[in-house]
Amino acid sequence: MPVTTQQLIKWKQAGRPIVTLTAWDYCYAQILDAAGADIILVGDSLAMVALGYSTTLPVTLDAMLHHTAAVCRGVKRALVVGDLPFLSYQESTSQAIHSAGRVLKETGAGAVKLEGGHGAVVETVARLTAIGIPVMGHVGLTPQSVHQLGYQQQGQTIQEAERIEQEAIALTAAGVFALVLEHIPTALAQKITTQLPIPTIGIGAGNFCDGQVLVTADLLGLSEKLPPFAKSYVNLRQIITQAVQDFTTEINNGQFPH
Ligand code: KIV
């Protein structure tokens with residue numbers, strides 16, 4: 001059965017953790033879906049892991065649509081969430097509706113994600129959810145604001161922690177179906193998770209969130225550099241290098257084609 005936003009809320013209530021991974025193409029999407037990922041996020045981190053940019057800022061909405069559609073073609077069960085990239089929703093509510101509408105109409109994704117929890121973003125979320133577009137929120141470290149925040153842990157002071165908690169509450173009231181908590185203290189993530197009726201999906205936010213997300217390039221050991229909170233479960237860079245070297249050797253000594 002395809003995963004729905006309502007199912008995610010039931011899983012939170014039942015204490016069943018929500019497995020979330022990112023994907024950027026058909027091939028990985030097929031594998032992650034068949035392996036049991038509940039949510040597949042076409043995150044704008046693909047700007048860095050698949051397109052070679054140094055931040056997520058340069059990726060365009062058209063590029064995100066292209067990758068999100070490819071991911072959707074590989075997915076049968078998981079809920080696919082398409083990230084709205086930098087400057088595809090911040091200008092105005094109508095820009096956000098247009099961009100989010102394109103994600104749903106042109107790719108087959110079931111929801112969008114956007115970053116931030118200040119007033120204008122909350123208003124945008126309220127409009128999107130009012131017209132039937134499911135929205136996943138994202139607070140704490142928000143990489144689209146890297147030039148303001150850097151990549152360090154957020155919510156370390158009492159004031160910052162209170163602001164993030166208030167953003168989480170406001171986004172929930174505006175209708176987000178789930179909330180990514182990125183790189184914030186475990187105790188803050190736990191406080192937010194306990195009081196919200198919707199699931200929290202943590203990345204660098206400790207083990208009290210309702211689900212966890214990793215960038216798949218990090219999980220598979222494809223990334224050149226790992227954030228401090230990520231974990232690689234295999235070293236695909238090494239395995240691929242070995243395969244290419246074996247292929248080269250076999251060509252050179254006439255073993256392939258056999
Ligand atoms: O872009 C992304 O991959 C993300 C996740 C890290 C949550 O936003």
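Just follow the structure's listing: the first ligand is 1, and inside any ligand the first atom is 1. None of the values given here were measured: they were computed from a predicted structure.
Under the 4.0 Å criterion applied to side-chain N and carboxylate O atoms, Arg77 and Asp38 are assigned as salt-bridge partners. Contact check on Asp33 versus Lys76 returns no salt bridge, with no Lys/Arg side-chain nitrogen under 4.0 Å from an Asp/Glu carboxylate oxygen.
Looking only at atom types and distance, the side chain of Thr193 has a donor-acceptor partner in the side chain of Thr200 under 3.5 Å away.
Every residue two or more places apart in sequence or in another chain was checked for a salt bridge (Lys or Arg N to Asp or Glu O under 4.0 Å) with Asp25, and none qualifies.
Sorted by first and then second residue, the salt bridge (Lys or Arg N to Asp or Glu O under 4.0 Å) pairs with a member in residues 216-226 form an empty list; sequence neighbours excluded.
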Ligand 1 N/O to protein N/O, distances under 3.5 Å:
| unit_1 | atom_1 | unit_2 | atom_2 | d |
| --- | --- | --- | --- | --- |
| ligand 1 | 1 (O) | Asp44 | N | 3.1 |
| ligand 1 | 1 (O) | Asp44 | OD1 | 3.1 |
| ligand 1 | 1 (O) | Ser45 | N | 3.0 |
| ligand 1 | 1 (O) | Ser45 | OG | 3.4 |
| ligand 1 | 1 (O) | Asp83 | OD2 | 3.3 |
| ligand 1 | 3 (O) | Ser45 | OG | 2.5 |
| ligand 1 | 8 (O) | Lys113 | NZ | 3.0 |

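In this structure, Phe247 shares a hydrophobic cluster with Ile251, Phe256, the cluster being traced through Ile, Leu, Val, Met, Phe, Trp and Tyr side chains under 4.5 angstrom apart.
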